[in-house]
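Everything below concerns the one structure shown next.
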Amino acid sequence: MNSGPGRVLVAVYILFAIAATSRAGLQIATKFHEAPVAYLLSAFAAVIYIVATVGLARGDRIGRRTAIVCCTVELVGVLAVGALSLLDPALFPDDTVWSDFGGGYGYIPLVLPVLGLLWLRRTRSAVTA
Amino acid sequence: MNDYLVTLTIVLSLVLAVWSLVTTMRNRPPDRSHLAGLAVLELALLALAATAIASWIGGEQPAEAGTFAGYLVTLICLPPLAGVLARMEPTRWGSVIVTVVCLVVPVVVVRLQQTWQIPGV
């Protein structure tokens, strides 16, 4: 679990945790009133990325369960926010990490939870013992 | 921002990305050449940061100061992060990590430049 491709996954998650946290922190600190929903959503995404990173890095049973929940929330979030941001752009006056299905971040937010879930599934048997 | 340093950091990073990709395909862990490459890249990024901060103190303002500072700090942390993770993972996947981080660096450099200059001015 906590080796090979899993470590690459953790590395990418660290990058996203840093990116989302600093972006949301800055937006909330400097211009919260402009787009509170978008910025709170970015902050929520940041928390999810941090928790997922820790879960994946731990790799034990609790860590894996946490990671599964986080990856699922990410996938649902990026799909829901992506669809909403296209259907009703007025809801999000400023972009979030998950707007446009993560298009602002090279669609990695869309691919990352899928890879995470696949990796957790593939390594399932190794940890249950 | 110093255009030469911007170009240099992007080129260095992409060269190192290709080199780690070759290492990955040869099924090798990252070796000293990668750590040396990351060190050179870090020096170039520090030089870029130093010139940016110098012209900031000299009176030039980044278009979005807060965002610019955030990107700058993140950028400086990337090569050490890649180095530490590469050392922790002495397999071909360590080389993948170096490749990924070296592909992220040019993106952050370009975004950094965008927050320094107002686009279209």
Side-chain angles (χ1 to χ4, degrees), chain A residues 1-35 38-39 42-43 45-46 49-50 53-54 56-59 94-97 102-109 111-112 115-116 118-119 122-123 126, chain B residues 13 16-17 20-21 23-25 27-30 34 38 45 61-112 114-115 119:
Chain A
M1 172 66 208
N2 200 356
S3 67
R7 278 240 169 90
V8 179
L9 208 56
V10 171
V12 179
Y13 264 98
I14 291 176
L15 290 177
F16 263 82
I18 296 172
T21 307
S22 41
R23 183 175 178 183
L26 194 76
Q27 287 172 331
I28 288 175
T30 58
K31 47 178 186 178
F32 181 65
H33 56 278
E34 283 178 28
Y39 298 156
S42 283
Y49 284 121
I50 293 171
T53 307
V54 175
L56 284 169
R58 283 176 52 127
D94 201 353
D95 277 352
T96 73
V97 180
Y105 291 81
Y107 296 101
I108 296 171
V111 179
L112 203 53
L115 289 180
L118 285 176
W119 175 245
R122 234 190 91 182
T123 56
Chain B
S13 190
L16 192 53
S20 338
L21 190 64
T23 315
T24 305
M25 290 191 301
N27 209 353
R28 298 282 170 79
H34 300 87
L38 285 172
L45 290 174
Q61 267 284 338
E64 303 164 52
T67 316
F68 179 82
Y71 276 124
L72 202 57
V73 173
T74 309
L75 195 58
I76 298 300
C77 295
L78 285 177
L81 176 76
V84 169
L85 289 171
R87 289 292 293 269
M88 278 169 67
E89 184 59 40
T91 67
R92 68 182 305 190
W93 297 102
S95 306
V96 176
I97 292 175
V98 178
T99 310
V100 169
V101 174
C102 285
L103 289 176
V104 170
V105 167
V107 177
V108 182
V109 171
V110 170
R111 287 291 297 134
L112 185 75
Q114 285 171 352
T115 56

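Just so it is clear: chains get the letters A, B, ... in the order the sequence lines come, proteins before strands, and each one is counted from 1.
Here CG of A/Leu26 is found 13.5 Å from CZ of B/Phe68. Values are rounded to the nearest 0.5 Å.
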- Task: Show your working on side chain to side chain contact (heavy atoms under 4.5 Å, CB included) between B/Leu85 and A/Val10 and close with a plain yes or no.
- Result: CA-CA 9 Å; B/Leu85 289 171; A/Val10 171; 5.5 Å; no

- Please step through side chain to side chain contact (heavy atoms under 4.5 Å, CB included) for the pair B/Leu78 and A/Leu15, ending with a clear verdict. CA-CA 9 Å; B/Leu78 285 177; A/Leu15 290 177; 3.2 Å; yes

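At least one donor-acceptor pair under 3.5 Å links the side chain of A/Arg7 to the backbone N or O of B/Met88.
Among B/Ile97, B/Val100, B/Val108, the residue making the largest number of heavy-atom pairs under 4.5 Å with chain A is B/Ile97.
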